[in-house]
Amino acid sequence: MLNKPVDKKALKLLVQYDSVSQSYARLKRPLEPDEQEWIDIRGVTSDEEFAYLKEQGLAFDPVDMKHDEAVQKCFEYVKRCKKSHVTDLFLSSFTAERLDFRAALAPFAMMQTMPDHGFTKYSAPGFCAVCSAAPVYNDMDTTDWNVDRYKYGSIGSLKVPYVIQFHLAQHLQLAQQKPTADDFRIFNAILDTLRSVDAKTKPKDLHKELKKIEGFKATNDQCRVLVEALGIAGILETEEHKGYLTHYTNPGLAPSKSHSSDWAYPVDFWTGADGVNKKALAFWFGDYPEIRL
């Protein structure tokens, strides 16, 4: 079964959507110069355009949600998700050119170890000690998170239950789609590249090698998001810094390799010397004889 193609007009509108511009445009007061400058540079999605995006299922009205409701939805949705559905779509993304197919791997991987919990106070006021989410998220702009799905195949930078439950809910709207021979070829080439790079190779260097793979179409940012997802899934991890398949790390408290690094944990610490985690790779893709484990 194939998924319905995304409306091209709607997709173009979605990737131009900017949540900050939208929030400024909704303000009921004169804009400050820097706010107006932001809008002038990035533009604003009109009411008519937003309505069209909603018709196509790509945009959503802002909603309010509490922490415990978000956690509950995470566990509700992950029970309905099948690993094969996640991995089939992840692999199919390479030739289908549907980055949203790729976006569920990271949130699904995080749910392998995220504990079921209620909002837990700790020293940083207003954030959960377990997951770093706020107790309530008002005017939650899930359209912005959908931009991450369709533009990058990404869970985004805010890896809290509010975001996880949205990604899993959207994934469940997709039909299962089997990978093609070219999908397997491309993913095998990605794995071969990750296994063969120099020991000193850092994540920021990988896009140069990955973009050499025939048929693999990706920007630098899309390469980065792919590598980060493989890290979250435990396929690219280190002895000390583990992915979420086996170890849960509060995303708001996850360490960084340096103060200036903004790479996701744990791949931020990965180098070529760490290679590919065979156990994690087998967990996710061991049911595909076409993939070289």
Side-chain angles (χ1 to χ4, degrees), residues 6 11 14-19 58 86-112 142-160 162-164 166-168 170-171 174 179 183 186-187 189-191 193-194 197 201-213 215-237 241 243-245 249 251-252 254 256-257 260-272 274 276-277 280-281 284-285:
V6 182
L11 183 58
L14 180 66
V15 298
Q16 293 172 343
Y17 180 89
D18 185 273
S19 62
L58 297 181
V86 174
T87 54
D88 274 358
L89 285 177
F90 176 87
L91 293 168
S92 297
S93 71
F94 297 116
T95 57
E97 297 184 21
R98 285 284 300 272
L99 291 167
D100 59 310
F101 285 5
R102 206 176 296 171
L105 178 63
F108 186 75
M110 292 186 73
M111 288 304 299
Q112 302 308 300
T142 55
T143 304
D144 187 44
W145 301 339
N146 218 25
V147 175
D148 289 329
R149 293 180 67 242
Y150 280 90
K151 191 174 182 180
Y152 304 110
S154 171
I155 187 178
S157 59
L158 187 67
K159 300 174 180 67
V160 296
Y162 298 111
V163 180
I164 293 171
F166 169 77
H167 277 263
L168 295 178
Q170 293 305 303
H171 169 75
L174 296 170
D183 288 316
I186 291 169
F187 190 55
I190 290 170
L191 294 173
T193 299
L194 295 171
V197 292
T201 299
K202 297 178 181 179
K204 66 181 180 62
D205 305 316
L206 288 173
H207 72 274
K208 301 172 187 176
E209 301 302 319
L210 293 176
K211 290 171 76 172
K212 296 177 183 178
I213 296 171
F216 178 54
K217 301 176 182 179
T219 65
N220 291 356
D221 286 337
Q222 290 162 0
C223 286
R224 169 181 172 149
V225 163
L226 172 63
V227 169
E228 289 180 333
L230 294 177
I232 290 170
I235 294 171
L236 298 181
E237 61 177 22
H241 301 283
Y244 285 81
L245 177 60
T249 301
S256 297
K257 193 169 186 178
S260 60
S261 177
D262 60 354
W263 279 76
Y265 185 84
V267 82
D268 189 21
F269 291 87
W270 183 91
T271 67
D274 296 300
V276 171
N277 183 325
L281 182 63
W284 293 110
F285 300 104

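This one's a predicted model, so the numbers in the text were calculated from it and none came from an experiment.
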Chi angles and distances behind the side-chain contact (heavy atoms from CB on, under 4.5 Å) call for V225, L99: CA-CA 10 Å; V225 163; L99 291 167; over 6 Å; no
Between [X] and [Y], is any pair of side-chain heavy atoms under 4.5 Å apart?
| X | Y | result |
| --- | --- | --- |
| L174 | D100 | yes |
| L236 | V276 | yes |
| F94 | I190 | yes |
| L194 | I235 | no |
| W284 | L230 | no |

How close do [X] and [Y] get, heavy atom to heavy atom, and via which atoms?
| X | Y | answer |
| --- | --- | --- |
| L105 | V86 | CA-CG1, 3.8 Å |
| L14 | V147 | O-CG2, 3.3 Å |
| H241 | P266 | O-CB, 3.6 Å |
| A280 | G234 | CB-O, 3.3 Å |
| R149 | F166 | CD-CE2, 3.9 Å |
| A233 | L245 | O-CB, 3.5 Å |

Is a donor on one side and an acceptor on the other found under 3.5 Å between the side chain of [X] and the backbone of [Y]?
| X | Y | result |
| --- | --- | --- |
| N146 | L58 | yes |
| Q222 | K151 | yes |
| Y17 | D144 | no |
| E209 | T193 | no |
| D274 | T271 | yes |

Over 12 foreign heavy atoms within 6.0 Å of NZ, K217: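 No.
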Over 12 foreign heavy atoms within 6.0 Å of NZ, K257: yes
Pair T201-K208, side-chain contact (heavy atoms from CB on, under 4.5 Å): steps then yes or no: CA-CA 11 Å; T201 299; K208 301 172 187 176; over 6 Å; no
Plane angle bin for F187 and F285 - parallel if under 30°, tilted between 30 and 60°, otherwise perpendicular: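 Tilted.
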Single hit among S92, S154, S93 for side-chain hydrogen bond (donor to acceptor under 3.5 Å, both in side chains) with R102: S93
If you measure from [atom1] on [X] to [atom2] on [Y], what distance do you get to the nearest 0.5 Å?
| X | Y | atom1 | atom2 | answer |
| --- | --- | --- | --- | --- |
| Y244 | K159 | OH | NZ | 8.0 Å |
| M110 | T249 | CE | OG1 | 8.5 Å |
| F108 | I232 | CZ | CD1 | 14.0 Å |
| D148 | T143 | CG | OG1 | 11.5 Å |
| D183 | F101 | CG | CZ | 10.0 Å |
| W145 | I164 | CH2 | CD1 | 10.5 Å |

Evaluation steps, side-chain contact (heavy atoms from CB on, under 4.5 Å), between R98 and Y150: CA-CA 7 Å; R98 285 284 300 272; Y150 280 90; 4.1 Å; yes
